[in-house]
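Keep in mind that the numbers below use all heavy atoms, side chains included, and drop hydrogens, waters and symmetry copies. Order of listing sets the numbers, starting from 1, for every ligand and every atom in it. Values in this document were obtained by computation on a predicted structure and should not be read as measured data. All residue numbers refer to positions in the sequence shown, counting from 1.
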Amino acid sequence: MISGIILERFIMINYRNVVIKIGSALLSNDNHDVEHFIKNICKQIANAKSKGTKFTIVTSGAISKGQEMLQVQNRPNELEELQALAAIGQQSLMRMYEGEFANHACLTAQILLTHDDMNNPNRFLNAKATITRIISQGVIPIINENDVVATEEIRLGDNDTLAAMVSNLVEADLMIILTNQKGYYDKNPDKFNNAKLIKRCNIKELQDFDISLDDKSKLGTGGFKTKLNAVKMTTSEHTTSIIASGYDTNVVDKILNKKVIGTIFFI
Ligand code: GLU
């Protein structure tokens, strides 16, 4: 059961500036009906946006789209091959979001960033100014790593760290990491039947948990380690982080309507 104070705080805060990270596993037809997922998620975002919530999306899935297009069944190991697949798949990925948001009269903007951009003060400020302007024009920024020139997320994190950096950049009050698990478990739920979903987590306690490093999905590189690091980078007195399942229908509606799902992280 979630503790009273945390639940109260979660219920009280009216989240207005939300970053949603969508992982590769949710964007591949290998696992589920991507069309259905995208339709649902875009509808929920557009609906909340029409009521005044600002959204920024950090998406993976360029490589898995590229794989689908070139019928490459298994994710290659070679970095250049992954970078090429990302460049091939990125347009199709964006077309998918653009087309679906257009059904709700929402415009989107493609933004490709690297960790170096975020760590360089001038480029960080440039990105911040541009993204702020895009949001103020009512357009939804959709961000991926610029995989042609950088490999951090391809090698390490399926955009989890990028999502944290972007949350800090836009000063999000809520970061939602959508993944193919229901949230953060005390053990790897794919391996242990008795794994328990942790519904709330003080990030100060994170180092005490046994984080399984081998739970990475076949499609992206991020496991729970990078997700938890992202949560640690982002969660503050002003920012709540939630890891939840993208398979849960209406996941965004549920979170914004204060239904407790997934794992909520507080400081
Ligand atoms: N930027 C990558 C993509 O869009 C995410 C990282 C990965 O899947 O490894 O596919």
Side-chain angles (χ1 to χ4, degrees), residues 19-32 34-35 37-38 41-42 56-101 108-119 127 131 140-167 169 175-181 213-231 233-234 243 246-247:
V19 169
I20 299 191
K21 188 258 165 172
I22 301 177
S24 297
L26 297 171
L27 295 164
S28 157
N29 283 313
D30 273 10
N31 300 308
H32 70 154
V34 176
E35 210 179 302
F37 167 75
I38 285 290
I41 206 85
C42 294
T56 304
I57 296 175
V58 176
T59 189
S60 306
I63 294 172
S64 60
K65 267 273 164 282
Q67 280 181 246
E68 262 170 40
M69 291 164 74
L70 295 191
Q71 297 176 351
V72 177
Q73 287 213 315
N74 296 320
R75 184 181 163 105
N77 292 321
E78 204 196 342
L79 269 178
E80 288 83 351
E81 181 69 20
L82 292 167
Q83 290 174 282
L85 287 170
I88 294 161
Q90 176 65 23
Q91 295 165 94
S92 164
L93 181 69
M94 282 307 297
R95 249 195 324 271
M96 194 169 71
Y97 284 108
E98 186 184 35
E100 208 38 62
F101 276 121
T108 54
Q110 171 183 263
I111 298 168
L112 299 174
L113 292 174
T114 65
H115 287 205
D116 282 352
D117 296 328
M118 298 289 92
N119 292 326
I131 293 170
I140 302 171
I142 303 190
I143 300 173
N144 197 350
E145 183 177 53
N146 189 347
D147 293 315
V148 171
V149 297
T151 57
E152 279 93 348
E153 295 293 343
I154 293 182
R155 284 184 290 116
L156 302 173
D158 195 35
N159 287 349
D160 293 327
T161 313
L162 188 63
M165 289 169 155
V166 167
S167 297
L169 181 133
M175 174 179 76
I176 304 173
I177 296 186
L178 291 182
T179 183
N180 56 355
Q181 300 284 2
L213 303 183
D214 54 0
D215 59 348
K216 297 174 178 182
S217 91
K218 286 192 209 75
L219 293 153
T221 45
F224 257 83
K225 193 178 178 215
T226 54
K227 287 180 182 42
L228 295 178
N229 276 335
V231 159
M233 282 172 68
T234 309
I243 298 180
Y247 298 152

Atom pairs and distances, donor-acceptor, side-chain atoms in residues 92-101, under 3.5 Å, two or more places apart:
{"from": "Tyr97", "atom 1": "OH", "to": "Thr59", "atom 2": "OG1", "distance (Å)": "2.6"}
{"from": "Glu100", "atom 1": "OE2", "to": "Asn103", "atom 2": "ND2", "distance (Å)": "3.2"}

Practice problem: Mind running side chain to side chain contact (heavy atoms under 4.5 Å, CB included) on Lys21 and Asn159 for me, showing each step along the way? | Solution: CA-CA 8 Å; Lys21 188 258 165 172; Asn159 287 349; 4.1 Å; yes

Exercise. Mind checking side chain to side chain donor-acceptor pair (under 3.5 Å) for Gln90 and listing every partner two or more places apart, or none if nothing turns up?
Key: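 Per chain and number, Gln90 pairs via side chain to side chain donor-acceptor pair (under 3.5 Å) with Gln110, Asn144.
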
Quiz prompt | Min side-chain heavy-atom separation His32-Leu26 under 4.5 Å | solution =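 Contact flag for His32/Leu26 side chains = yes.
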
Quiz item: Is there a nitrogen or oxygen of Gly61 sitting under 3.5 Å from a nitrogen or oxygen of ligand 1?
Solution: yes

Hey, which atoms in ligand 1 end up nearer than 4.0 Å to a heavy atom of [X]?
| X | answer |
| --- | --- |
| Ser24 | 8 (O) |
| Ile154 | 9 (O) |
| Ser60 | 4 (O), 5 (C) |
| Ala62 | 3 (C), 4 (O), 10 (O) |

Quiz item: Just wondering, more than 12 heavy atoms not from Glu78 lying within 6.0 Å of its CD?
Solution: yes

Exercise. Please work out whether any backbone atom (N, CA, C, O) or any side-chain heavy atom from C-beta onward of Ile63 is under 4.0 Å from ligand 1, and answer side chain, backbone, both or neither.
Key: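 Both backbone and side chain of Ile63 come within 4.0 Å of ligand 1.
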
Exercise. Measure Asn144 to ligand 1 on non-hydrogen atoms and call it side chain, backbone, both or neither using the 4.0 Å cut-off.
Key: side chain

Exercise. Please verify whether a non-hydrogen atom of Arg75 lies at under 4.0 Å from ligand 1.
Key: yes

Self-check item: Ala86 near ligand 1 by a heavy-atom separation under 4.0 Å
Solution: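 Ala86 does not count as a contact of ligand 1 under the 4.0 Å cut-off.
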
Quiz item: Looking at Asp160, Thr161, Asp158, which hits side-chain hydrogen bond (donor to acceptor under 3.5 Å, both in side chains) with Lys227?
Solution: Asp160

Quiz item: Please walk me through it: do Leu169 and Met165 pass side chain to side chain contact (heavy atoms under 4.5 Å, CB included)?
Solution: CA-CA 6 Å; Leu169 181 133; Met165 289 169 155; over 6 Å; no

